[in-house]
Amino acid sequence: AMADSKIVAVTAAMPQGTGLDEFKSRFPERFFDVGMAEQNAVTFSSGLAKMGFKPFVAIYSTFIQRAYDQIMHDVCLQNLPVKLCLDRAGLVGEDGPTHHGIFDIAFLKHLPNIVVMAPRDSWEFGIMLNWMKDLNAPCAIRYPKTEALDLSVFKYKDMELGKSEILIKGEDLALLAYGSMVDTAYQVTAALQKESLNPYLVNLRFAKPLDSGLILDIAGKVNHIVILEEGSYLGGIAESVSALLANNNIAVNILACAIDDKFITYGSRSILLNMVGLDKDSVVNKIKNAISERTWQR
């Protein structure tokens, strides 16, 4: 994909942190570091897109919010195919409250024209990057600061705009997971199966457009839906799913596993995931307690 002469990589003073060193060395004429100016990076990329290039803007999730105005006016309003690559999405660990990328889903999903996605593992990351290369729309892909996840136990399907995938067919209970949380949801599924529960496992792939058809279909077959996302509960995917079901008059119990309305402190990623209730054991306990108590709220 990198050999496509129309592809341009843009970053804001972080070629090493975003892994663009190899691209920079192989294609120096198509690499641009605008300095510590995220707003400039996005507007510059919109100009490139207007001229027929395919700009990939690689910036940490927490810093792309500095360019919110430019994403709205220069990319989405113009409906230009700028590709936002949001590194360090979710909890990043020791860098602390300023670096956690937990708000990108919320502040991007309501913007018209934009496509918001996340891969389940490192293999699907490559598939998504190659697919979004030719997507003629603004788009954003988010990925965590963690070891490369590997869910190749499940086959990889071709990308289709707004289409998620069922990894495991179940009954009564469904886990809808986004990005980094698909791996966790897979571990949760294995633990629940030992408790004689047989959940659906769904890789959402897209936060926008949401796969409404699949979600509504599953909602008609189960009693409980659990949404797992490594981002803010306010403005997150769980809110979108809840609104979708409410607007279609579908009554189903919903449990949202997301990050509460507060800033997150320092700490290793594993400790912080436990702190916010997004590690495997915490999610399993939430689900078991909710089922036994029939109390399905946060």
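A donor-acceptor contact closer than 3.5 angstrom is absent between the side chains of Thr43 and Gln70. Defined by atom type and a distance below 3.5 Å, a donor-acceptor pair is missing between the side-chain atoms of Asn285 and Ser282. Checking Ser164 against Asp211 by side-chain atom types alone, a donor-acceptor pair falls below 3.5 Å.
For residues 113-125, the set of pairs meeting the salt bridge (charged side-chain N to carboxylate O under 4.0 Å, His left out) definition, not counting sequence neighbours, comprises Arg120-Glu124, Arg120-Glu165, Glu124-Arg205.
Met36 CE to Ile59 CD1: the interatomic distance, rounded to the nearest 0.5 Å, is 11.0 Å. Here Ile291 contributes atom CD1 and Asn223 contributes atom CG; the two are 9.5 Å apart, rounded to the nearest 0.5 Å. In this structure, NE2 in His224 is found 12.0 Å from CD1 in Ile254, a value given to the nearest 0.5 Å. Atom CD1 of residue Ile71 and atom CG of residue Leu77 lie 13.5 Å apart, to the nearest 0.5 angstrom. Between the CG atom of Leu80 and the CG atom of Asn113 there is a distance of 9.5 Å, given to the nearest 0.5 Å. Atom CG of Leu278 is separated from atom CZ of Arg269 by 9.0 Å, given to the nearest 0.5 angstrom.
Between Glu171 and Lys221 there is no salt bridge, since no side-chain nitrogen of the basic residue lies less than 4.0 Å from a carboxylate oxygen of the acidic one. Taking 4.0 Å as the cut-off between side-chain N and carboxylate O, Lys54 and Asp134 count as a salt-bridged pair. Ion pair Glu229/Arg142 not flagged as a salt bridge, since none of the NZ, NE, NH1 or NH2 atoms sits closer than 4.0 Å to an Asp/Glu carboxylate oxygen.
Heavy atoms only, all atoms of each residue included: Cys139 and Met117 are closest at CB-CE, 3.8 Å. Between Tyr233 and Ala256, the closest heavy-atom pair is CE1-CB, 3.6 Å. The heavy-atom pair separating Asp21 from Gln16 by the smallest distance is OD2-CG, 3.1 Å. Considering all non-hydrogen atoms of both residues, Cys257 and Val226 come closest at SG-CG1, 3.9 Å. When all heavy atoms of Ala207 and Ile105 are compared, the pair lying nearest together is CB-CG2, 4.2 Å. Nearest heavy-atom pair, Pro55 versus Pro81, reported as atom, atom and distance to 0.1 Å: CD-O, 4.0 Å.
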Side-chain donor-acceptor pairs under 3.5 Å in residues 181-190, sequence neighbours left out?
| unit_1 | atom_1 | unit_2 | atom_2 | d |
| --- | --- | --- | --- | --- |
| Asp183 | OD2 | Gln187 | NE2 | 2.9 |
| Thr189 | OG1 | Ala185 | O | 2.8 |

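Taking the side chain as every heavy atom from C-beta outward, Leu175 and Ile287 approach each other to under 4.5 Å. Residues Tyr200 and Val222 form a side-chain contact, since some pair of their non-hydrogen atoms from C-beta on lies under 4.5 Å apart. Side-chain atoms of Val82 and Val42, non-hydrogen and from C-beta on, never get closer than 4.5 Å to each other. Here the side chains of Pro209 and Leu161 are in contact, with some heavy-atom distance below 4.5 Å. Residues Leu108 and Leu86 are in side-chain contact: their nearest non-hydrogen atoms beyond the backbone lie under 4.5 Å apart. Between Pro138 and Asn79, the closest side-chain pair of non-hydrogen atoms falls below 4.5 Å. Proximity of Ile141 to Lys83: side-chain heavy atoms (C-beta onward) are nowhere separated by under 4.5 Å.
Residue Phe263 is not grouped with residue Val92 when hydrophobic side chains (ILVMFWY) are merged at heavy-atom distances under 4.5 angstrom, including chains of intermediate members. Following chains of ILVMFWY side-chain contacts shorter than 4.5 Å, one cannot reach Tyr266 starting from Ile259, and the two form parts of different hydrophobic clusters. Under the 4.5 Å side-chain heavy-atom criterion for Ile, Leu, Val, Met, Phe, Trp and Tyr, Leu149 and Leu167 are members of distinct hydrophobic clusters. Linking Ile, Leu, Val, Met, Phe, Trp and Tyr whenever their side-chain heavy atoms come within less than 4.5 Å puts Ile250 and Ile227 in one cluster. Taken together through direct or relayed side-chain contacts under 4.5 Å among Ile, Leu, Val, Met, Phe, Trp and Tyr, Leu84 and Val116 form part of one hydrophobic cluster.
At least one donor-acceptor pair closer than 3.5 Å links the side chain of Asp4 to the backbone N or O of Lys6. Side-chain atoms of His100 never come within 3.5 Å of backbone atoms of Ala89 as a donor-acceptor pair (strictly under, hydrogens ignored). Although no hydrogens or angles enter the test, the distance criterion places a donor-acceptor pair under 3.5 Å between the side chain of Thr62 and the main chain of Thr98. Distance alone, capped at 3.5 Å, is enough to place a donor-acceptor pair between the Asn248 side chain and the Leu244 backbone. Using modelled atom types, one side-chain atom of Arg88 and one backbone atom of Gly17 make a donor-acceptor pair closer than 3.5 Å. Thr11 contributes no side-chain N or O that, together with a main-chain N or O of Ala13, makes up a donor-acceptor pair within less than 3.5 Å. Counting only distance, with no hydrogens or angles, the side chain of Gln78 and the backbone of Asp74 share no donor-acceptor pair below 3.5 Å. Tyr178 places no side-chain N or O within donor-acceptor distance of the main-chain N or O of Gly231, the cut-off being under 3.5 Å. Checking side-chain atoms of Lys208 against main-chain N and O of Lys109 turns up a donor-acceptor pair under 3.5 Å.
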Check the pair Ile225, Asn253 against side-chain contact (heavy atoms from CB on, under 4.5 Å), reporting the backbone distance first and the verdict last.
CA-CA 6 Å; Ile225 290 179; Asn253 298 308; over 6 Å; no

Check the pair Gln193, Asn198 against side-chain contact (heavy atoms from CB on, under 4.5 Å), reporting the backbone distance first and the verdict last.
CA-CA 5 Å; Gln193 287 171 341; Asn198 183 29; 4.0 Å; yes

Can you check side-chain contact (heavy atoms from CB on, under 4.5 Å) on Leu216 and Leu245, steps first, answer last?
CA-CA 7 Å; Leu216 291 172; Leu245 298 176; 3.9 Å; yes

Evaluate Leu234 against Glu239 for side-chain contact (heavy atoms from CB on, under 4.5 Å), listing each step before the verdict.
CA-CA 7 Å; Leu234 293 179; Glu239 286 191 352; 3.8 Å; yes

Side chain to side chain donor-acceptor pair (under 3.5 Å) evaluation trace for Ser61 with Asp104:
CA-CA 6 Å; Ser61 168; Asp104 55 85; 2.6 Å; yes

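Between Phe103 and Phe107, a ring centre-to-centre spacing not shorter than 6.0 Å is recorded. For Phe63 and His99, the gap between ring centers is short of 6.0 Å. Taking the six-membered ring for Trp, Tyr156 and Trp131 have ring centres at least 6.0 Å apart.
In Trp123, the CH2 atom is not crowded: 12 or fewer heavy atoms of neighbouring residues, nucleotides or ligands sit closer than 6.0 Å. Atom CD of Glu29 has more than 12 heavy atoms from other residues, nucleotides or ligands within 6.0 Å.
Ring orientation note: the planes of Phe125 and Tyr143 are tilted relative to one another, at an angle of 30° to 60°. Note: Tyr68 and His110 have tilted aromatic rings, judged against thresholds of 30 and 60 degrees for the angle between ring planes.
The side chain to side chain donor-acceptor pair (under 3.5 Å) check on Asp33 picks up nothing, with sequence neighbours excluded.
With respect to Phe32, the ring pair (Phe, Tyr, Trp, His ring centres under 6.0 Å) criterion is satisfied by exactly one of Phe56, Phe23, Phe44: Phe44.
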